[in-house]
Amino acid sequence: MSDLNRLTIAAARDALAKGDVTAVELTEACLTAIQGAGALNAFVHRTPDLAHEMAVAADERIRQGRAAPMTGIPVGIKDVFCVKGVPAQAGSRILQGFRPEYESTVTQNLWNAGAVMLGKLNQDEFAMGSTNESSCYGPAVNPWKAEDGRALTPGGSSGGSAAAVAADLCLAATGTDTGGSIRQPAAFTGTVGLKPTYGRVSRWGVIAYASSLDQAGPMTKTVRDAAIMLGAMASADPQDSTCADLPVPDFEAALTGDIRGKRIGLPREYRVDGMPADIDALWSEGAQMLRDAGAEVVEISLPHTKYALPAYYVIAPAEASSNLARYDGVRYGHRARLGQGDGITDMYAKTRAEGFGPEVQRRVMIGTYVLSAGFYDAYYNRARKVRALIKRDFDQAFADGIDAILAPATPSAAFPLGSVDKGDPVQMYLNDVFTVTLNLAGLPGIAVPVGQDARGLPLGLQLIGRPFEEAELLNQALVLEQAAGFVAKPDRWW
């Protein structure tokens, strides 16, 4: 019973169907694991009563023969998703006390599929960060530890989701990816993280960071689990005008394990200066695994890759500046105490200064600057043009017959918390060097654990797919996962 929380979605689904375990037992195992993992700081709002109620309902659905693939599966929800009646702070003090009166489309889809909610998961404030250190709750901690015992970052912004899945506190979790915030934490924790095509999954009810880049996706223990969970999360949604009105395929049924004849591209521009030897070696090993499975691996060029980071760090802060203008302390959330004589403008200024952390303030100021009258064309419009060129690079590669692109997920393994110089935020931004291109182009990508570095820390590779061809991408990722045979787990120290 104590090991039920270590099950995958697929294994738990089969055990539930056979009657070997109940949803209540599965849920209790996860709640017990969460209770004993306070040192990871992964869960920031626990919902045990709601979880028990949902588990009982799931068991009844199973008894009646009405079970969906996610029925009875306990999951964690990133704090950026609105769940009716449950606190949603997006890791920020400015949303303190906010309890939504509505449900995000993604979470509603999961509840409709019978999933069980364990609670809300830690994240970088408003999903702005790559280390989970900007959270108002304090950082989530990677279950993997450095050789010298130092605590490692689980990555960001979906750091709590990655830590919870890696530590078996839940069977799966939701994440969001604006510039790599699903794939980078997955690579740092030895888990699987899928960023779907922009528009595959509704953004309605997800607290916005950068609306043209944000995309929700699953964080799981295996590729098969990612296929199952994406099938439950995805849907057309009239409440989100950017959500594609497309049928949702049976992603799991597409997992044939056959990629013979597929053409996989290796972008030469991703061989950046200073790339660690173990990352480079892993990339080569991953390419050979795909060759051995019958794929043709060829070098390709994505010539505008070098402009991706600067373009991203103009576009994302610009959209953040606009989206976060609504947080003013008037209707909900934190409001600053005012002094005698303070007016409405003082209230706005003090509330936002107190409510937003340093990283959010930095990005809001950058965004406001690049959108200002004198600099709009010089920065924002130019970045939009670069974005179009980056998308054209990918379009050309796919038009030339490339079925998927293989690249590193991160430029390093997980690093110690506190090791990024807060006075030099560019250090943190460089963690996104391999991931932001997909968000700019709106493409699907999946991070898969493939190996370990010399210190035993997990390393991941990412596969980049054609738009709305997640089924094909998941199948290629399955082949990579099976060839790599990654089964390592962190030693339980928490």
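Bear in mind the structure is a predicted one, so any value in this text is a computation, not a measurement.
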* Asked: Do Gln35 and Arg46 have a side chain donor and acceptor closer than 3.5 Å?
  -> yes
* Would you name the heavy atoms of Ser181 and Ser158 that are closest together and state the gap between them? => O-OG, 2.8 Å
* **Close side-chain approach of Leu95 and Ile207, heavy atoms under 4.5 Å** => yes
* Asked: Does any non-hydrogen side-chain atom of Val206 lie less than 4.5 Å from one of Thr176?
  -> yes
* To do: Check whether the side chains of Thr197 and Glu470 place a donor and an acceptor atom closer than 3.5 Å, and report yes or no.
  => yes
* Asked: Which pairs, with at least one residue in residues 159-183 and sequence neighbours excluded, count as a ring pair (Phe, Tyr, Trp, His ring centres under 6.0 Å)?
  -> none
* **Set of residues satisfying ring-ring contact (aromatic ring centres under 6.0 Å, His included) with respect to Phe434, sequence neighbours excluded** => Tyr270
* Verify, without hydrogens or angle tests, whether Glu481 (side chain) and Val223 (backbone) share a donor-acceptor contact under 3.5 angstrom. => yes
* Are there more than 12 heavy atoms of other residues, nucleotides or ligands under 6.0 Å from atom NZ of Lys391? -> no
* Steps toward side-chain hydrogen bond (donor to acceptor under 3.5 Å, both in side chains) verdict (Ser211, Asn323) -> CA-CA 8 Å; Ser211 299; Asn323 277 327; 3.1 Å; yes
* Taking only residues two or more places apart in sequence or in another chain, which ones pass side chain to side chain contact (heavy atoms under 4.5 Å, CB included) with Ala55? -> Ala23, Val24, Thr27, Val116
* Which pairs pass side-chain hydrogen bond (donor to acceptor under 3.5 Å, both in side chains) with one or both residues in residues 163-175, sequence neighbours excluded? -> Asp168-Lys221, Asp168-Lys489
* From CA spacing to verdict: side-chain contact (heavy atoms from CB on, under 4.5 Å), Val80, Phe126 -> CA-CA 7 Å; Val80 79; Phe126 282 102; over 6 Å; no
* To do: For side-chain hydrogen bond (donor to acceptor under 3.5 Å, both in side chains), just list the numbers for Glu319 and Ser212, CA-CA rounded to whole Å, side-chain angles, deciding distance to a tenth of an Å, and then say yes or no.
  => CA-CA 8 Å; Glu319 295 187 11; Ser212 76; 2.5 Å; yes
* Structure fact -> Interatomic distance, CZ@Arg200 vs CG@Leu230, rounded to 0.5 Å, equals 7.0 Å
* Report yes if the side chains of Leu463 and Ile405 come closer than 4.5 Å at any heavy-atom pair, otherwise no. => no
* Asked: Do Val192 and Met219 touch side chain to side chain, with heavy atoms closer than 4.5 Å?
  -> no
* Which salt bridge (Lys or Arg N to Asp or Glu O under 4.0 Å) pairs, counting each pair once, include a residue from residues 182-194, with sequence neighbours left out? -> Asp177-Arg183
* Tell me, do Arg93 and Phe356 make a side-chain contact under 4.5 Å, heavy atoms counted? -> no
* **Derivation of the side-chain contact (heavy atoms from CB on, under 4.5 Å) call for Lys385 and Leu389** => CA-CA 6 Å; Lys385 291 174 182 176; Leu389 293 172; 5.7 Å; no
* Can you name the residues that form a salt bridge (Lys or Arg N to Asp or Glu O under 4.0 Å) with Asp453, not counting sequence neighbours? -> Arg455
* To do: Evaluate side-chain hydrogen bond (donor to acceptor under 3.5 Å, both in side chains) for Asp328 paired with Thr351, printing each intermediate quantity in order.
  => CA-CA 7 Å; Asp328 53 19; Thr351 294; over 6 Å; no
* Yes or no on side-chain contact (heavy atoms from CB on, under 4.5 Å) for Leu474 and Ile446, after CA distance, side-chain angles and deciding distance? -> CA-CA 8 Å; Leu474 283 158; Ile446 185 168; 3.8 Å; yes
* To do: Using the six-membered ring wherever Trp is involved, compare the ring planes of Tyr379 and Tyr369 and label them parallel, tilted or perpendicular (cut-offs 30° and 60°).
  => tilted
* With sequence neighbours left out, write down each residue that passes ring-ring contact (aromatic ring centres under 6.0 Å, His included) with Tyr332, or none if nothing qualifies. => Phe98
* Asked: Any side-chain hydrogen bond (donor to acceptor under 3.5 Å, both in side chains) pairs touching residues 225-240, not counting sequence neighbours?
  -> Thr105-Asp237, Asn109-Ser235, Ser202-Asp237, Thr222-Asp225, Asp240-Thr242
* Restricting to pairs with a member in residues 197-231, which pass ring pair (Phe, Tyr, Trp, His ring centres under 6.0 Å), not counting sequence neighbours? -> Tyr102-Trp204
* Presence of salt bridge, Arg363 and Glu359, under 4.0 angstrom -> yes
* Structure fact -> In short, Leu473 meets Ile464 closest at the heavy-atom pair CD1-C, 3.8 Å
* Structure fact -> Looking only at heavy atoms, the pair that brings Leu121 and Gly160 closest together is CD2-O, 3.7 Å
* Heavy-atom closest contact (Asn439 atom, Gly179 atom, distance) -> OD1-CA, 3.3 Å
* Excluding sequence neighbours, so at least two apart, what forms ring-ring contact (aromatic ring centres under 6.0 Å, His included) with Tyr307? -> none
* **Val433 side chain reached by Leu309 side chain, heavy atoms, under 4.5 Å** => yes
* Asked: Side-chain contact, heavy-atom cut-off 4.5 Å: Lys84 with Pro100?
  -> no
* **Main-chain N/O of Glu103 paired with Thr107 side-chain donor or acceptor, under 3.5 Å** => no
* **Heavy-atom side-chain proximity of Val364 to Ile366 below 4.5 angstrom** => no
* **Non-hydrogen atoms of Leu171 and Cys30 that approach each other most closely** => CD1-SG, 3.7 Å
* Asked: Looking only at side chains, do Thr153 and Thr131 share a donor and an acceptor under 3.5 Å apart?
  -> no
* **Flag, side chain of Glu269 to backbone of Leu302, donor-acceptor distance under 3.5 Å** => yes
* Asked: Quick check: are there more than 12 heavy atoms from other residues, nucleotides or ligands sitting under 6.0 Å from CG of Asp148?
  -> yes
* Would Met347 and Arg335 satisfy side-chain contact (heavy atoms from CB on, under 4.5 Å), going step by step from the backbone distance to the final call? -> CA-CA 8 Å; Met347 190 271 283; Arg335 180 186 295 182; 4.0 Å; yes
* Ile94 side, atom CD1; Arg352 side, atom CZ - distance, nearest 0.5 Å -> 6.0 Å
* Considering only NZ, NE, NH1 and NH2 on the basic side and carboxylate oxygens on the acidic side, decide whether Arg382 and Asp377 come within less than 4.0 Å. => no
* Judged by atom type as modelled, is there a donor-acceptor pair below 3.5 Å linking the side chain of Ser419 to the main-chain atoms of Phe415? -> no
* Give a yes or no on whether the ring-centroid distance for Tyr380 and Phe375 is below 6.0 angstrom. => no
* For the residue pair Trp144 and Phe486, does the interplanar ring angle fall in the parallel (under 30°), tilted (30 to 60°) or perpendicular (over 60°) class? -> tilted
* Asked: Just checking, any donor-acceptor pair under 3.5 angstrom between side chains of Asp214 and Thr178?
  -> yes
* Asked: Which pairs with one or both residues in residues 106-127 pass salt bridge (Lys or Arg N to Asp or Glu O under 4.0 Å), sequence neighbours excluded?
  -> Asp79-Lys120
* Asked: Are Thr435 and Gln462 linked by a side-chain donor-acceptor pair shorter than 3.5 Å?
  -> no
* Asked: Partners of His45 by ring-ring contact (aromatic ring centres under 6.0 Å, His included), sequence neighbours excluded?
  -> Tyr137
* To do: Compare every heavy atom of Lys78 with every heavy atom of Gln123, then report the nearest pair and how far apart it is.
  => OE1-CG, 3.4 Å
